[in-house]
Amino acid sequence: MNEFPPKKSSVRTITGSSGNLSVIESLNDISFEIKRIFYISNMPKESERGFHAHKHTKQFLICLKGSCEVYLELRGKSETIILKENTEGIFIQNEWHIMKNFSEDCILLVLANSHYDEKDYIRNYEEFLKYSNEK
Ligand code: T46
């Protein structure tokens, strides 16, 4: 059973006078093998995304630029986490999640352990409550 709410994890970062280099290696820095990388950008200020949970997919979210909030809900508990440093991220797994309050320059990077499969999504909230209570 995954920990809730997830704690922020630091991204290994090499700093220097010419800038930072942050690195994530599958299995060394992250507990899963990365099969997919995507990023979300150009979000209008008032927009909200997500409104779903995953059955099996594990993901690591990093706000590469700007900031956003991630609302998470699992087993009757909820928490909103602010992402604004590109040297930290959060693992999410089975939580109902909503991404919102995007800054104008926000770029949200997501590393996932699976290929895209719509069958892994629960997009209906009532179905999520049923699924999450049964887990
Ligand atoms: C998640 C959060 C953090 C694809 O065709 N391939 C992909 O790999 C993804 C991720 C999405 N899509 C299609 C499916 C939809 O037609 O892109 C469209 C937008 O996807 P969605 O509405 O699910 O996007 P978000 O921003 O609400 O959620 C995304 C991920 O889908 C999801 O896995 O957990 O970011």
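Sequential numbering from 1 along the given sequence is applied to the chain's residues. When a ligand or atom number is given, it counts from 1 through the structure's own listing order. Here the structure is a predicted model, which means the values were calculated and not measured.
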Of the backbone atoms (N, CA, C, O) and the side-chain heavy atoms from C-beta on, which set of [X] has a member under 4.0 Å from an atom of ligand 1: side chain, backbone, both, or neither?
| X | value |
| --- | --- |
| His115 | neither |
| Glu118 | neither |
| Ile40 | side chain |
| Phe51 | neither |

| message | If the contact criterion is a heavy-atom separation under 4.0 Å, does Glu95 count as touching ligand 1? | response |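 No heavy atom of Glu95 comes that close to ligand 1.
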| said: Looking at every non-hydrogen atom in both residues, tell me the closest pair between Cys68 and Cys63 and how far apart they are. | reply: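 Of all heavy-atom pairs spanning Cys68 and Cys63, the closest is N-SG, 4.2 Å.
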Find the distance between [atom1] ([X]) and [atom2] ([Y]) and round it off to the nearest 0.5 Å.
| X | Y | atom1 | atom2 | answer |
| --- | --- | --- | --- | --- |
| Leu109 | Leu64 | CG | CG | 4.5 Å |
| Thr80 | Glu69 | OG1 | CD | 6.0 Å |
| Lys35 | Leu111 | NZ | CG | 14.0 Å |
| Asn133 | Leu74 | CG | CG | 9.0 Å |

| In terms of atom number and element, which parts of ligand 1 are under 4.0 angstrom from non-hydrogen atoms of Gln59? |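 Near Gln59, meaning under 4.0 Å from one of its heavy atoms, ligand 1 has 1 (C), 33 (O), 34 (O).
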| task | Could you tell me whether atom 30 (C) of ligand 1 has at least one protein heavy atom nearer than 4.0 Å? | result | yes
| said: Determine whether any protein heavy atom is located less than 4.0 Å from atom 34 (O) of ligand 1. | reply: yes
| Would you say Asn94's side chain and Lys55's backbone share a donor-acceptor pair under 3.5 angstrom? |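 Looks like yes, one N/O pair under 3.5 Å.
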| task | Look at the side chain of Lys8 and the backbone N and O of Ile82, then say whether any donor-acceptor pair between them is shorter than 3.5 Å. | result | yes
Around [atom], find the nearest protein heavy atom and jot down its residue, atom name and distance.
| atom | result |
| --- | --- |
| atom 8 (O) of ligand 1 | Arg36 NH1, 2.7 Å |
| atom 2 (C) of ligand 1 | Met99 CE, 3.5 Å |
| atom 19 (C) of ligand 1 | Arg49 NH2, 4.0 Å |
| atom 1 (C) of ligand 1 | His52 NE2, 3.2 Å |
| atom 22 (O) of ligand 1 | Arg123 NH1, 3.9 Å |

| message | Over 60° means perpendicular and under 30° means parallel, so tell me whether Trp96 and Phe128 are parallel, tilted or perpendicular. | response | tilted
| query | Any luck finding a side-chain donor-acceptor pair between Asn124 and Glu127 under 3.5 Å? | reply |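 Per modelled atom types, Asn124 and Glu127 side chains form no pair under 3.5 Å.
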| request: Using distance alone, decide if ligand 1 has a nitrogen or oxygen within less than 3.5 Å of any nitrogen or oxygen in Gly50. | output: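 Yes: some nitrogen or oxygen of Gly50 is under 3.5 Å from one in ligand 1.
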| So is Tyr116 polar-close to ligand 1, meaning N/O to N/O under 3.5 Å? |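 Checking ligand 1 against Tyr116, no N or O pair falls under 3.5 Å apart.
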| said: I want to know whether Tyr71 and His97 have ring centres closer than 6.0 Å. | reply: no
